[in-house]
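Input: a single structure, listed below in C-alpha cells.
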Amino acid sequence: MMKPGLPEVFFIKDMLIGEKVVKTQRNLGALKSVFADQEAFDSMDQEQLAYEVYSYLPVEEGTDGGLFFGITCMYPIKVGGEYLMTKGHFHANRDTAEFYWGIEGEGMLLLMDEEGKCRLEKVFPGSLHYIGGCLAHRMINTCNRVFSFGACWPSDAGHDYGSIEREGFSVRVYEEDGHPVVKKVIDIE
Ligand code: M6P
Ligand code: ZN
C-alpha cells in the first residue's frame, strides 16, 4: 500500500519549520539610509535584530515557474519616530508579482510604482495583499509588538534593492501621539 510522505516544511503561526528552512537576519545596521533621521539611527545599537526572514526555497533562485515562501518577523523598533521598515525592493524581473499576508500584529504595506507614486494598505492577521508586477514593496511595523507576515513570490523574481537604496520611497510613516501618521517626502535624496 502507498504511504503518504511527510511534508518537508510546515508552519505554526509565524514559525516556519523544516530542515530546508533558511533563516536570514537583518540587524539595524543593515538598514543604513532607510530612515530619515540619520543622527537618531547612528545613535542606536547597530547590532540589534530588526527583522528575520524564514524562507523555504524549494528550487534554485532564477528557476522559471517555481515559487518561494517566506515568513518575516519584524521587531517593534522606531528610529527618530519612524516605524521599523523592511529594506523594500522591486523585483529584478519587473513582470513578477507576489502575495503578502498578515499573520500577527499590525503593520502597513507600502507600494510604489516606477514613477514614485505610492499607496498604503493596512496589514493585520488574515489580510491578503496582491502585489502586482513593477511595484516596489516595503512592510512597516506600526504596532508595539512583533509584526509578522507571510510572502509567496516567483523563484525567477529576484530582488532589486538598488533603486530603493538610491531614491527611497516617496512616503514615510511616523508615530505621533501613539498613532501612525503618513508623510509625503518632498525631496527624494
Ligand atoms: C518577504 C519577501 C522576501 C523579502 C522579505 C524581506 O519575506 O518579499 O523576498 O526578502 O520579505 O524584505 P526585504 O528583502 O525587502 O528586506
Ligand atoms: Zn518581493
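Order of appearance sets the numbers: ligands from 1, and atoms from 1 within every ligand. Any value given below was found using the heavy atoms of this structure, including those in side chains, with hydrogens, waters and symmetry copies removed.
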Q | Check: Phe41 main-chain N/O paired with Gln46 side-chain donor or acceptor under 3.5 Å | A | yes
Q: Show your reasoning for whether ring-ring contact (aromatic ring centres under 6.0 Å, His included) applies to Phe11 and Tyr54.
A: CA-CA 10 Å; Phe11 60 91; Tyr54 296 84; over 10 Å; no
Q) For Met74, does its backbone N or O pair with a side-chain atom of Asn141 as donor and acceptor, under 3.5 Å? A) yes
Q.
Measuring only between side-chain heavy atoms, which start at C-beta, is Glu82 closer than 4.5 Å to Asp37?
A. no
Q. Do His91 and His159 have side-chain atoms, one donor and one acceptor, less than 3.5 Å apart?
A. no
(Q) Main chain of Gly70, side chain of Ser55: is a donor-acceptor contact present, judged purely on distance under 3.5 Å? (A) no
Q: Would you check if the side chain of Asn27 reaches a backbone N or O of Gly29 as a donor-acceptor pair within less than 3.5 Å?
A: no
Q. For the Zn ion (ligand 2), how many protein N, O or S atoms come closer than 2.8 Å?
A. 4
Q. Among side-chain atoms of Glu8 and Tyr56, is any donor-acceptor pair under 3.5 angstrom?
A. yes
Between ligand 1 and the protein, find all N/O pairs closer than 3.5 Å and give the distance for each.
unit_1, atom_1, unit_2, atom_2, d
ligand 1, 7 (O), Thr72, OG1, 3.0
ligand 1, 8 (O), Glu98, OE2, 2.7
ligand 1, 8 (O), Tyr100, OH, 2.8
ligand 1, 9 (O), His159, NE2, 2.7
ligand 1, 10 (O), His159, NE2, 3.4
ligand 1, 14 (O), Tyr161, OH, 2.4
ligand 1, 15 (O), Gly88, N, 2.9
ligand 1, 15 (O), His89, ND1, 2.8
ligand 1, 16 (O), Tyr51, OH, 2.5
ligand 1, 16 (O), Lys87, N, 3.4

Q) Can the positive tip of Arg172 be found less than 6.0 Å from the middle of the six-membered ring of Tyr174, inside 45° of the ring normal? A) no
